[in-house]
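First up is the structure itself, then whatever we jot down about it.
In listed order, ligands and their atoms are each counted from 1. Keep in mind that what you see is a predicted model, and the values were worked out from it rather than measured.
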Amino acid sequence: MKRTVFLFRAGKNQYRLAVISTEVRTTGNSYRVLIGPGLLETIGDAIKEKLAPSRCAIISDTNVAPLFAEQMQKSLASAGFEPALITVPAGEHSKTLEQAGAVAEEMLRAGLDRQSFVIGLGGGVVGDLSGFVAAIFQRGVSHVQIPTTLLAMVDSSIGGKTGANTATGKNLIGVFHQPILVIDDVEVLKTLPSRELSQGFAEIIKHAVIADAEMFAQLNPKTASDALALQQLIKRNVEIKSSIVAKDERDRTGERALLNFGHTIGHAIERAGDYKTLLHGEAVSLGMVAACDVSMKKAGLPEKQGDAIVDLLQKFELPTKLPPNFPRQKIFDALKFDKKFERGEIRFVVTSKIGSANLSRGVAMDDIRAAVEVL
Ligand SMILES: NC(=O)c1ccc[n+]([C@@H]2O[C@H](COP(=O)([O-])OP(=O)(O)OC[C@H]3O[C@@H](n4cnc5c(N)ncnc54)[C@H](O)[C@@H]3O)[C@@H](O)[C@H]2O)c1
Ligand SMILES: [Zn+2]
């Protein structure tokens with residue numbers, strides 16, 4: 001399939017973009033998110049502003065480490081740090097308690113102690129795993145997030161949720177552990193496969209639908225080929241996610257749950273496809289199409305706006321129909337595993353207008369079933 005989501009390429013005479021940043025506030029603390037090109041080259045200096053020279057672990061995966069770890073190790077060493085690189089196999093199956101334990105053992109063997117810290121260099125899998133290890137190693141050490149996928153930059157690196165999957169389901173074990181610094185080097189996205197880039201846009205479209213009508217109107221696949229626009233877009237999305245998280249850091253009041261727009265059905269689709277058929281963002285794209293259908297019926301979302309959301313997903317080459325022969329029944333079986341189904345009561349995120357969202361308790365399983373039927 002011809003793909004139209006291209007990432008920017010630096011022309012010969014293209015000037016270097018300035019680094020921009022935003023501050024994420026947490027209970028009693030805050031951390032900075034730096035966004036710009038070439039940040040990996042100077043990572044040692046950036047971290048030195050926050051942490052005293054010490055041993056640290058760079059946790060990465062087998063795809064990302066060969067691309068960026070050497071450059072980072074050099075920069076860290078020249079700033080006085082002693083980095084130990086720990087590489088886990090790329091993919092979701094590395095996000096387990098066993099892998100976290102093995103990484104912690106390797107850190108101990110490498111001589112890391114209470115003064116050490118952990119850097120996660122990779123996508124959301126490495127971010128969640130390394131954050132979890134940082135939270136439990138010596139009862140908690142500092143965590144620096146270096147996200148290398150668009151999804152991780154705009155979503156998983158922000159908000160402090162860390163954890164692992166279990167045989168029963170995804171993300172069922174974990175802790176809240178906020179990073180002390182997040183560094184988004186936009187140049188690392190140049191090596192990201194286009195399907196991975198598109199799934200990052202699924203979360204960006206989600207943010208637009210639930211919180212930012214203006215961003216929704218401006219979103220365009222061309223953004224991905226314009227370095228400045230992409231940098232600004234990442235910043236805006238970090239701001240949206242962090243402002244929602246700030247209202248409900250521990251996911252208790254329902255405010256943070258708005259970030260689950262498209263995810264109730266999306267997670268069930270992911271699970272029904274055994275996490276192989278569709279990427280997370282692709283399943284969320286389908287989940288958002290279904291959530292729009294529910295929103296039109298139950299929350300007064302105008303049909304035109306529902307259609308505009310589906311159109312935008314298609315523009316970013318995200319699926320809006322289930323693949324042929326997809327086991328639909330398995331989607332319903334999977335829904336009961338969702339953490340959002342509390343005491344059998346469904347808390348479903350709906351939008352009544354692009355740029356806003358709310359939790360509805362008035363959505364029945366039949367509404368969800370009907371929405372999945374049209375996918
Ligand atoms: N903590 C949170 O709040 C939160 C939020 C959303 C998602 N997540 C988690 O994030 C994970 C998904 O993250 P993801 O989509 O980034 O997946 P991922 O970490 O598996 O990365 C996707 C693939 O891209 C490769 N890759 C990463 N960066 C690359 C680069 N620059 N160039 C080339 N290849 C690269 C990886 O090796 C992997 O094969 C899931 O485990 C999900 O549960 C967590
Ligand atoms: Zn998601």
Quick one: nearest non-hydrogen protein atom to [atom], plus distance?
atom                    : result
atom 21 (O) of ligand 1 : T149 CG2, 3.7 Å
atom 17 (O) of ligand 1 : G124 N, 4.0 Å
atom 23 (C) of ligand 1 : E196 OE2, 3.6 Å
atom 18 (P) of ligand 1 : V125 CG2, 3.9 Å
atom 42 (C) of ligand 1 : K95 NZ, 3.8 Å
atom 4 (C) of ligand 1  : S156 CB, 3.2 Å
atom 35 (C) of ligand 1 : L192 CD1, 3.7 Å
atom 30 (C) of ligand 1 : T191 OG1, 3.5 Å

(request) Classify the angle between the aromatic ring planes of F201 and F316 as parallel (below 30°), tilted (30 to 60°) or perpendicular (above 60°). (result) parallel
Give the atom numbers and elements of ligand 1 that come within less than 4.0 Å of a heavy atom of [X].
X    : result
K241 : 3 (O)
A90  : 37 (O)
N171 : 43 (O)
K161 : 1 (N), 3 (O)
G123 : 16 (O), 19 (O)
D61  : 36 (C), 37 (O)

(message) I'd like the name of whichever of E270, E92, Q199 reaches closest to atom 41 (O) of ligand 1 through any heavy atom.
(response) E92
(request) Identify which of D155, L279, D128 has a heavy atom lying nearest to atom 6 (C) of ligand 1. (result) D155
(message) What I want to find out is whether K297 reaches D367 closely enough, with some N-O distance under 4.0 Å, to be called a salt bridge.
(response) no
Does a donor on one side chain sit under 3.5 Å from an acceptor on the other, for [X] and [Y]?
X    : Y    : answer
Q314 : T320 : yes
S198 : E317 : no
N29  : Q178 : no
H280 : Q199 : no
T223 : N220 : no

Side chain, backbone, both or neither: [X] near ligand 1, heavy atoms under 4.0 Å:
X    : value
V64  : side chain
K170 : side chain
L151 : side chain

(message) Could you see if V118 belongs to whatever hydrophobic cluster contains I58? Use Ile, Leu, Val, Met, Phe, Trp, Tyr and a side-chain cutoff under 4.5 Å.
(response) no
(message) Check this for me - ligand 1, L67, N or O atoms closer than 3.5 angstrom, yes or no?
(response) no
(message) Using a 3.5 Å cut-off on N or O atoms only, is N63 in polar contact with ligand 1?
(response)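 It does: an N or O of N63 is found under 3.5 Å from an N or O of ligand 1.
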So among [options], which one has a side chain to side chain contact (heavy atoms under 4.5 Å, CB included) with [X]?
X    : options                : answer
F176 : T27, D251, T162        : D251
S295 : I309, N358, V209, L301 : L301
V310 : D293, L318, V289       : V289

Pairs under 3.5 angstrom only: tabulate donor-acceptor contacts from the side chains of residues 42-51 to other protein residues two or more places apart or in another chain.
unit_1: T42; atom_1: OG1; unit_2: L39; atom_2: O; d: 3.4

(request) May I ask you to list the protein N, O or S atoms found at less than 2.8 Å from the Zn ion (ligand 2)? (result)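 Under 2.8 Å from the Zn ion (ligand 2) - ignoring waters, which are not counted - the protein N, O or S atoms are E203 OE2, H263 NE2, H280 NE2.
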(request) Specify the closest pair of heavy atoms between S157 and A152, including all atoms of both residues, with the distance to one decimal. (result) OG-O, 2.7 Å
(request) May I ask you to check whether over 12 heavy atoms, not counting those of E373, lie within 6.0 Å of atom CD? (result)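 Result for CD/E373: enclosed.
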(message) How about CZ on R328, more than 12 heavy atoms from neighbouring residues, nucleotides or ligands closer than 6.0 Å, or not?
(response) yes
(request) Report the distance from atom CG of L286 to atom CG of L375, rounding to the nearest 0.5 Å. (result) 5.5 Å
